[in-house]
Amino acid sequence: MNLCFSSNALTLEPPKLHPFKTCYLSQPPFTAFQVNPTPFCSSQVSTLLQLTRSTTSKRVFHIRANSAPPTVDETKPCSFRERSPKDVNVLVVGSTGYIGKFVVKELVKRGFNVIAIAREQSGIRGKDSKEETLKQLRGASVWFSDVTKIDSLENSLESIGCPIDVVVSCLASRSGGVKDSWKIDYEAAKNSLVAGRKHGAAHFVLLSAICVQKPLLEFQRAKLKFEAELMRETEMDQNNFSYSIVRPTAFFKSLGGQVELVKEGKPYVMFGDGKLCACKPISEQDLASFIADCVMSEDKINQVLPIGGPGKALTPLEQGEILFGLLGREPKFLKVPIGVMDFAIGVLDFLVKFFPALEDAAEFGKIGRYYAAESMLILDPDTGEYSAEKTPSYGKDTLEEFFERVLREGMAGQELGEQTIF
């Protein structure tokens, strides 16, 4: 069984260039290089030389995937929300993650100037090259940098040569390990806030998780600490800065780990009676659309926004029944007592006292246990119970449609990778 948890003055404005191809330099004297299929005019050459010389000393290697660097007209004394999307610069961190890729695509489709920060080796276990990243983020300006190092990120933003209006953070720990959670969910997110603010960001959209309502895990505590700092930043500068915190329920891929196994004739595994928890799963495209709404929508300013997909909340039992129904088979379930996980976690917690290297293994066990028993729905503070009725719905994609597609096409593009718990 697989579990996934979902557990931010002077403007250089060169003449418009013809479409170009990205090119790498083996020993580049410049940090950017654009190949134009037609000859440059003298002013274009001059502009490019000024841009590359100004950034050479930074030694930050980057590649643009669109035809010109994003620019804005800073003479307008108005909020970025009063401009056309084409005049709004949106910085996306975590751009190569499961949700980040769809957020970039959605923002590009809506006409924003998207600046995507990516690792040189991205994807699951760093399997994607720069070339593959450029394909995935087509239409955005792609800059390779390290969000875990504030100097690297700030140097990249300085090299871009234009102000940032909005930061969208889709950062999330890939493993949920203790150190990785604090490094990504808190430190990297904070770096994005600090660097973004330094370069003019007036709004920050954070992809968080609905499970932070009941924080029992390290990644949840790390996310909450950053949420608090984001709110504090707004309180200190209410006239010039705002945030939108998006807390989605379960992603489709986190519920798809058993589809191919069941297709092969194996039983659907669930804990207890399959009714211990429920969720309103949301597709990556619908979530990306909601996050993109947060960039300009004034009704989402300074709000914590829990969001689920369309339809009723589904328990693991109901999810399994949908899957067997699509296969035209009688349901076959394997019910595992939740106490099995409690025993394993207890053993790991004991061993960590003597073998600190097992800290992450113990944390992974707790993550698995959490998602086996806790609902991804609004937690009603009055009753202490999860409420499907109070959990907002958004979008049109359903889990049944997702299961049907996976049965037909497989899980390509939906791999859990380092988020596979067991």
Side-chain angles (χ1 to χ4, degrees), residues 6 8 72 76-94 99-100 102-114 164-170 189 192-193 196-197 200-213 223-224 226-249 251 280-311 313 376-381 387-397:
S6 50
N8 196 59
V72 294
K76 297 181 181 179
C78 62
S79 164
F80 71 88
R81 293 185 180 88
E82 297 173 17
R83 303 191 208 124
S84 169
K86 67 182 178 62
D87 296 321
V88 177
N89 295 337
V90 182
L91 178 73
V92 181
V93 292
I99 300 300
F102 286 89
V103 169
V104 168
K105 182 178 179 180
E106 182 65 23
L107 291 171
V108 168
K109 185 175 75 172
R110 296 190 186 195
F112 292 100
N113 289 322
V114 182
I164 302 299
D165 294 305
V166 181
V167 177
V168 177
S169 174
C170 297
S192 303
L193 172 62
R197 290 287 281 147
H203 188 57
F204 195 106
V205 182
L206 174 66
L207 174 60
S208 186
I210 201 168
C211 61
V212 300
Q213 303 170 106
K223 285 181 181 294
L224 280 176
F226 178 69
E227 285 189 11
E229 296 202 8
L230 188 57
M231 295 176 186
R232 191 177 304 118
E233 181 72 16
T234 300
E235 292 172 0
M236 293 171 60
D237 195 4
Q238 295 182 10
N239 295 327
N240 299 299
F241 186 70
S242 58
Y243 67 83
S244 298
I245 296 174
V246 181
R247 292 180 176 175
T249 64
F251 301 157
K280 297 178 77 170
I282 187 167
S283 72
E284 62 275 18
Q285 182 55 61
D286 284 341
L287 179 55
S289 179
F290 184 82
I291 290 172
D293 290 346
C294 294
V295 171
M296 300 289 270
S297 298
E298 295 191 4
D299 64 349
K300 294 179 174 58
I301 294 174
N302 299 337
Q303 300 288 323
V304 174
L305 302 161
I307 195 69
M376 299 296 107
L377 300 168
I378 288 287
L379 186 62
D380 190 326
S387 172
E389 291 73 23
K390 293 185 177 181
T391 305
S393 295
Y394 181 91
K396 55 184 177 55
D397 300 334

Shortest non-hydrogen separation from [X] to [Y] and the atoms involved:
| X | Y | value |
| --- | --- | --- |
| A201 | V167 | CB-CG2, 3.9 Å |
| L107 | A292 | CD2-CB, 3.8 Å |
| S393 | G309 | OG-O, 3.1 Å |
| I164 | V166 | CG2-O, 3.5 Å |
| V104 | V114 | CG1-CG1, 4.2 Å |
| C170 | G94 | CB-O, 3.7 Å |

Do [X] and [Y] come close enough that some side-chain heavy atom pair is under 4.5 Å?
| X | Y | answer |
| --- | --- | --- |
| P248 | I210 | no |
| K223 | L206 | no |
| C294 | I291 | no |
| I307 | L287 | yes |
| Q285 | V103 | no |
| L193 | F204 | yes |
| F251 | E284 | no |

Going by the rule side-chain hydrogen bond (donor to acceptor under 3.5 Å, both in side chains), which residues pair with [X] if we only count those two or more places apart in sequence or in a different chain?
| X | result |
| --- | --- |
| E227 | S208, R247 |
| T391 | none |
| S283 | D286, D397 |

(request) Determine which pairs satisfy side chain to side chain donor-acceptor pair (under 3.5 Å) with at least one residue from residues 291-306, sequence neighbours left out, and list them in order. (result) R110-D293, D293-Y394

Would you say the side-chain atoms of [X] pair up with the backbone N or O of [Y], donor to acceptor, closer than 3.5 Å?
| X | Y | value |
| --- | --- | --- |
| N113 | K86 | yes |
| H203 | I301 | no |
| Q213 | L379 | yes |
| D165 | N89 | yes |

(request) Return each pair, listed once, that meets salt bridge (charged side-chain N to carboxylate O under 4.0 Å, His left out) where at least one residue sits in residues 234-243; pairs must be two or more places apart or across chains. (result) R197-D237

Distance in Å, [X] [atom1] paired with [Y] [atom2], rounded so as to fall on 0.5 Å steps:
| X | Y | atom1 | atom2 | result |
| --- | --- | --- | --- | --- |
| S242 | R81 | OG | CZ | 4.0 Å |
| L224 | C211 | CG | SG | 9.0 Å |
| M231 | M236 | CE | CE | 15.5 Å |
| L207 | I99 | CG | CD1 | 6.5 Å |

(message) Centre-to-centre under 6.0 Å for F80 and F112, is that the case here?
(response) no

(request) Take V168 and L91 through the test side-chain contact (heavy atoms from CB on, under 4.5 Å) and record every step on the way to the result. (result) CA-CA 6 Å; V168 177; L91 178 73; over 6 Å; no

(request) For K396, check salt bridge (charged side-chain N to carboxylate O under 4.0 Å, His left out) against everything at least two apart and list the hits. (result) none

